[in-house]
Amino acid sequence: MTRPMQIALEEAKAAAARGEVPVGAVVVSPSGEIVGRAGNRTLEDKDPTAHAEMLAIRAACMALGTERLIGCDLYVTLEPCPMCAGAISFARIRRLYFGADDPKSGGVEHGARVFSRSTCHHAPEVYGDIESGPSRALLRTFFAARRD
């Protein structure tokens, strides 16, 4: 497993431990440095936009002192939703790597397919199904516990 995806999975596990949907994200600079990392915090922050991707992008922008993450890559454990896909586009992320697909709420390869729209300003290179097994397992375990 790639180091950034391992760290994203650690962030997802930490989110689950806080009672959040277990999604984690990591932003890697062009030099290979991790400049942003986060797990979901929507419940904790009482903020519907506090998805892992949004928080990792915000942290990376602060760390780099810019609103554009040109040349940066984003690793996330779950296919981004349409809101996060829009932020990824606006941030000018170079490459998106995601683990589990999300047929219900995804916005990249499912649902809105944000990057394939003519109105999309920037589309990153997209690589799905990256180390998806651990991400899927974590999500299944989390939601199975909620159904019991």
Side-chain angles (χ1 to χ4, degrees), residues 1-61 63-64 69-117 120 122-148:
M1 182 179 300
T2 66
R3 177 152 168 70
M5 195 56 92
Q6 280 180 315
I7 294 169
L9 194 55
E10 289 170 15
E11 290 289 343
K13 289 175 183 174
R18 295 190 303 272
E20 302 276 359
V21 174
V23 178
V26 171
V27 177
V28 178
S29 74
S31 68
E33 177 186 5
I34 292 174
V35 292
R37 61 187 283 177
N40 275 355
R41 290 188 178 274
T42 59
L43 299 174
E44 185 176 334
D45 292 356
K46 296 176 180 38
D47 177 357
T49 70
H51 290 195
E53 302 94 320
M54 301 291 279
L55 298 174
I57 287 169
R58 289 176 190 153
C61 288
L64 297 174
L69 299 174
I70 296 168
C72 291
D73 298 336
L74 176 67
Y75 293 77
V76 63
T77 58
L78 181 66
E79 176 183 354
C81 72
M83 173 186 68
C84 292
I88 290 164
S89 175
F90 289 132
R92 305 297 193 266
I93 295 289
R94 174 179 58 177
R95 293 185 198 109
L96 166 64
Y97 300 90
F98 70 86
D101 61 346
D102 190 352
K104 181 180 173 191
S105 301
V108 178
E109 293 184 348
H110 298 89
R113 295 187 169 120
V114 171
F115 303 136
S116 65
R117 303 284 178 208
C120 183
H122 167 78
E125 295 175 32
V126 176
Y127 303 92
D129 198 28
I130 305 297
E131 306 291 347
S132 60
S135 298
R136 280 192 194 106
L138 186 57
L139 287 160
R140 276 192 202 109
T141 300
F142 178 83
F143 286 113
R146 298 282 180 281
R147 287 189 287 273
D148 289 340

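Here the structure is a predicted model, which is why all the values come from computation and not from measurement. We use all heavy atoms of the structure for the numbers below, so side chains are in, but hydrogens, waters and symmetry mates are not.
Applying the ring-ring contact (aromatic ring centres under 6.0 Å, His included) test to every pair with at least one member in residues 2-52, sequence neighbours left out, gives no pairs at all. Sorted by first then second residue, the salt bridge (charged side-chain N to carboxylate O under 4.0 Å, His left out) pairs that include residues 76-85, not counting sequence neighbours, number zero. Applying the side chain to side chain donor-acceptor pair (under 3.5 Å) definition to pairs two or more places apart or across chains, those involving residues 34-47 are E11-R37, R18-E44, E20-T42, R41-E44, D47-T49. For residues 104-114, no residue pair satisfies the salt bridge (charged side-chain N to carboxylate O under 4.0 Å, His left out) rule, not counting sequence neighbours.
Within a 6.0 Å sphere centred on CZ of F142, heavy atoms belonging to other residues, nucleotides or ligands number more than 12.
Counting all heavy atoms, side chain and backbone alike, A100 lies closest to L139 at CB-CD1, 4.3 Å. Taking all atoms of both residues into account, the shortest heavy-atom contact from C84 to M54 is SG-CG, 3.7 Å. Closest approach of P30 to G71, counting heavy atoms only: CG-O, 3.4 Å. Nearest heavy-atom pair, L55 versus A38, reported as atom, atom and distance to 0.1 Å: CB-CB, 3.5 Å. Between V26 and P4, the closest heavy-atom pair is CG2-O, 3.6 Å. The shortest non-hydrogen separation linking P80 to A85 is CB-N, 4.2 Å.
A 4.5 Å side-chain heavy-atom check between K13 and P22 finds every atom pair outside the cut-off. The shortest distance between side-chain heavy atoms of Y75 and I7 does not fall below 4.5 Å.
At least one donor-acceptor pair under 3.5 Å links the side chain of T77 to the backbone N or O of G24. Checking side-chain atoms of H122 against main-chain N and O of I93 turns up a donor-acceptor pair under 3.5 Å.
Annotation: ring-ring contact (aromatic ring centres under 6.0 Å, His included) contacts of F98 (sequence neighbours excluded): none. Not counting sequence neighbours, the partners of L64 by the side-chain contact (heavy atoms from CB on, under 4.5 Å) test are V35, T66, L69, C72. By the salt bridge (Lys or Arg N to Asp or Glu O under 4.0 Å) test, D101 pairs with R136, sequence neighbours left out. With sequence neighbours excluded, no residue satisfies side-chain contact (heavy atoms from CB on, under 4.5 Å) with A59. Partners of R95 under the side-chain contact (heavy atoms from CB on, under 4.5 Å) rule, at least two apart in sequence or in another chain, are D73, Y97, E125, Y127. The side-chain hydrogen bond (donor to acceptor under 3.5 Å, both in side chains) test applied to R117 returns no partner, not counting sequence neighbours.
One distance of note links CG of L78 with OG of S105; it measures 8.5 Å at 0.5 Å rounding.
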